[in-house]
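Taking it in order: structure first as structure tokens, then the write-up.
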Amino acid sequence: MMENKEREVEKFIRKHGMIGKGDVVIAGVSGGADSVCLLFVLCALRETLGFRVKTCHVNHGLRGAEADEDEEYVRRLCRELEVPCRFFHENVELIAAKRKQSPEEAGRMVRREAFLAMCREDGGTKIATAHHRDDNAETVLLNMARGTGLKGLGGIRPAAGRWIRPLLALTGEQTREYLKERGIAWREDATNSGDDYTRNRIRHNVLPVLEEQVNRGAAAHLDELSRQAQEIWDYLERGVDLAWEKCVTAAAFPGKAEELVIDKERFGQEMPAVQTQLLRRCLARVRGHEKDIGSVHVTGVAELFGKQAGRKIDLPGDVQAERMYAGVRIAKRAESGKEFAVRLKVPGETLIPETGQRIECRFVEGADPSAAEEIPQKSYTKWFDYDIIKCSLSARTRQGGDYLVINESGGRQKLKAFFVNEKIPREERDRMLLIADGDHIVWIPGRRMSRAYQVSSRTEKILEIKITEETENGRDDQGFSPGGEG
């Protein structure tokens with residue numbers, strides 16, 4: 001019988017590609033029945049599958065002498081099985097208070113940190129935990145009770161990166177049967193018998209009622225449901241990957257977090273399930289994690305697509321979504337206007353601290369003015385008629401009264417009107433770098449230069465302005481082909 005259970009676990013490991021030849025598996029062993037079963041099954045399979053086993057034990061410092069006896073028991077087991085083992089001692093109660101976590105959550109985190117430390121320091125390639133089918137059923141119920149989507153309905157995955165759960169092939173009853181058949185003792189943790197922890201209440205009061213009064217196979221059915229949810233989730237994620245490529249444009253500005261723009265027309269072509277998860281992924285990407293992002297937030301962003309440009313909603317983590325002309329922009333909330341104005345050295349180089357950019361001005365000697373249209377000018381390198389410039393040139397943000405000349409006849413357009421016509425979002429307008437000659441905007445880098453300063457046959461002195469961005473390794477020329485500039 002015990003050989004059958006080992007074969008079931010081996011099949012499960014092979015099916016999910018959990019362990020490869022040459023892997024070093026770090027097994028978390030507390031001394032309880034499930035983790036002891038995990039250790040013995042892995043040891044039984046290590047030669048067949050060609051991997052090595054090492055053990056990690058964490059003493060949480062919560063149960064005094066009992067915890068020390070658990071540690072000594074694990075030490076003796078590992079010695080008998082010739083398995084290297086490391087022991088970690090943590091004051092979980094103190095850690096929970098410092099991190100403002102429950103002891104249950106803090107204990108889970110310190111175990112995770114210990115496993116990862118062993119991987120780094122002891123050559124571990126996989127981390128095996130002792131979750132079994134009943135644990136998975138409990139997780140599904142717990143997630144449903146707390147409010148979950150499809151991802152949470154998937155419960156515990158057999159494998160996720162380096163983390164593997166070989167015992168998901170067995171039930172909790174089967175792990176104990178395996179140990180009894182081999183005559184192996186284990187340690188009982190008294191905290192598992194109480195109802196202080198939420199999971200224990202599910203284990204003792206909810207799942208037994210379902211199995212006794214509704215269906216004997218309730219735990220098995222919940223486990224199977226989670227497998228189906230995982231498969232559907234993986235399929236959905238591939239769809240979201242494709243939608244991201246079609247719908248989402250990412251942009252980053254110097255000193256600012258990444259922001260995302262979702263194209264309205266392309267977004268509208270996606271299925272509702274893909275739309276929902278795409279929005280959730282965008283929010284998590286800008287915020288840095290998915291915690292506290294709920295359905296109400298995703299729904300709020302989705303509703304923006306049907307509203308007027310300029311409408312905004314605030315979201316957790318200082319994130320804001322705004323309806324734009326082309327779709328919806330998701331970004332960190334902008335700090336209140338940081339205006340700046342820096343006089344340019346002509347000729348010379350000027351650093352703009354607010355944007356991390358460097359502006360180089362030089363006179364082009366002996367150049368043929370007629371060649372201005374032929375040279376491979378880039379969006380961040382331009383030639384100007386220096387004779388037209390009346391005041392000192394400055395690099396700055398917008399100000400009231402700004403204008404630019406839009407045609408050869410000298411027709412003027414207010415800068416604000418230009419921004420509106422070009423459908424440039426309000427927040428982007430406030431941080432845009434402008435090259436100005438008094439109130440006259442000489443150049444909006446990357447977008448347009450004033451017609452008044454264009455080089456012509458009458459030009460006697462040509463000024464070249466080049467904008468580069470400072471990077472860790474020096475300068476990065478931001479230039480690209482002149483598309484988009486008038």
Side-chain angles (χ1 to χ4, degrees), residues 5 8-19 23 25-30 32-39 41-42 56 58 102 104-116 119 124 126-176 178 189 192 197-204 206-208 210-211 217-237 277 289-291:
K5 295 180 180 65
E8 282 296 311
V9 175
E10 180 184 352
K11 283 168 55 181
F12 195 71
I13 289 173
R14 292 184 185 276
K15 176 182 177 181
H16 295 283
M18 293 184 185
I19 302 174
D23 269 331
V25 179
I26 307 298
V29 180
S30 66
D34 302 331
S35 64
V36 171
C37 175
L38 173 68
L39 176 60
V41 170
L42 289 176
C56 178
V58 182
S102 67
E104 186 179 18
E105 186 179 5
R108 185 166 57 250
M109 292 304 297
V110 299
R111 289 194 297 275
R112 180 183 179 85
E113 290 161 7
F115 297 153
L116 292 172
C119 275
K126 297 293 174 67
I127 300 169
T129 60
H131 296 94
H132 49 68
R133 284 185 192 172
D134 296 339
D135 292 324
N136 189 36
E138 293 163 9
T139 299
V140 172
L141 283 175
L142 189 58
N143 290 346
M144 291 170 64
R146 287 173 170 170
T148 187
L150 183 61
K151 186 177 181 180
L153 203 60
I156 304 171
R157 282 186 171 266
R162 70 179 69 185
W163 298 83
I164 59 174
R165 289 96 181 186
L167 293 192
L168 285 177
L170 306 176
T171 65
E173 185 179 353
Q174 286 175 318
T175 63
R176 284 160 177 73
Y178 176 85
D189 184 343
N192 287 335
Y197 298 141
T198 306
R199 182 174 289 275
N200 282 3
R201 292 194 286 273
I202 296 285
R203 180 175 300 158
H204 299 150
V206 180
L207 199 55
L210 288 175
E211 294 203 312
H221 295 325
L222 286 166
D223 180 71
E224 177 56 28
L225 173 64
S226 77
R227 299 288 165 254
Q228 293 180 24
Q230 288 170 14
E231 291 173 359
I232 295 169
W233 176 261
D234 290 342
Y235 180 78
L236 175 60
E237 282 289 272
Q277 189 53 33
H289 55 82
E290 198 173 331
K291 188 177 180 183

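What's counted below: heavy atoms across the whole structure, side chains too, no hydrogens, waters or symmetry copies.
- Closest approach of Ile164 to Lys126, counting heavy atoms only: CD1-CB, 4.2 Å.
- Counting only residues at least two apart or on different chains, the salt bridge (charged side-chain N to carboxylate O under 4.0 Å, His left out) pairs with a member in residues 127-145 are Asp135-Arg203, Glu138-Arg199, Glu138-Arg203.
- Among residues two or more places apart in sequence or in another chain, the side chain to side chain donor-acceptor pair (under 3.5 Å) test is passed with Glu10 by Arg14.
- Looking at residues two or more places apart in sequence or on another chain, you find a side-chain contact (heavy atoms from CB on, under 4.5 Å) between Ala137 and Leu207, Ala219, Leu222.
- Residues passing the side chain to side chain donor-acceptor pair (under 3.5 Å) test with Arg176, sequence neighbours excluded: Asp34.
- Put simply, CG on Leu167 and CZ on Arg165 are 11.5 Å apart, with the number rounded to the nearest 0.5 Å.
- Minimum heavy-atom separation, Gly28 to Ser35: O-CB, 3.5 Å.
- For Leu116, the side-chain contact (heavy atoms from CB on, under 4.5 Å) partners are Arg112, Arg120, Ile127, Arg162, Trp163, not counting sequence neighbours.
- Qualifying side-chain contact (heavy atoms from CB on, under 4.5 Å) partners for Asn143, counting only residues two or more places apart in sequence or in other chains: Thr139, Thr148.
- Taking Arg157 as the reference, Asp234 meet the salt bridge (Lys or Arg N to Asp or Glu O under 4.0 Å) condition, with sequence neighbours excluded.
- With sequence neighbours excluded, the residues that form a salt bridge (Lys or Arg N to Asp or Glu O under 4.0 Å) with Glu237 are Arg281.
- Residue pairs meeting the salt bridge (charged side-chain N to carboxylate O under 4.0 Å, His left out) criterion with at least one member in residues 218-230, sequence neighbours excluded, are Asp223-Arg227.
- Shown here for Leu210 and Ala218, the closest heavy-atom pair between the two residues is CB-CB, 4.0 Å.
- Between Leu38 and Ala128, the shortest heavy-atom contact is CD2-O, 3.7 Å.
- Between the CE atom of Met144 and the CZ atom of Arg146 there is a distance of 14.0 Å, given to the nearest 0.5 Å.
- Summarising the geometry of Val58 relative to Ala114, their closest heavy-atom pair is CG2-CB, 3.7 Å, with the distance given to 0.1 Å.
- Atoms CD1 and CD, from Ile156 and Gln230 in turn, are 9.5 Å apart once rounded to the nearest 0.5 Å.
- If you take CD1 on Ile26 and OG1 on Thr129, they are separated by 13.0 Å, rounding to the nearest 0.5 Å.
- In this view, Glu8 satisfies the side chain to side chain donor-acceptor pair (under 3.5 Å) rule with no residue, not counting sequence neighbours.
- The side-chain contact (heavy atoms from CB on, under 4.5 Å) search around His221 returns Asn215, not counting sequence neighbours.
- In this structure, the separation between OG1 on Thr175 and OH on Tyr178 is 11.0 Å, given to the nearest 0.5 Å.
- By the side chain to side chain donor-acceptor pair (under 3.5 Å) test, Glu173 is found to be paired with no residue, residues two or more places apart in sequence or in another chain being considered.
- When all heavy atoms of Ala27 and Leu42 are compared, the pair lying nearest together is CB-CD1, 3.9 Å.
- Between the Lys5 side chain and the Leu170 main chain, no donor and acceptor come within less than 3.5 Å of each other.
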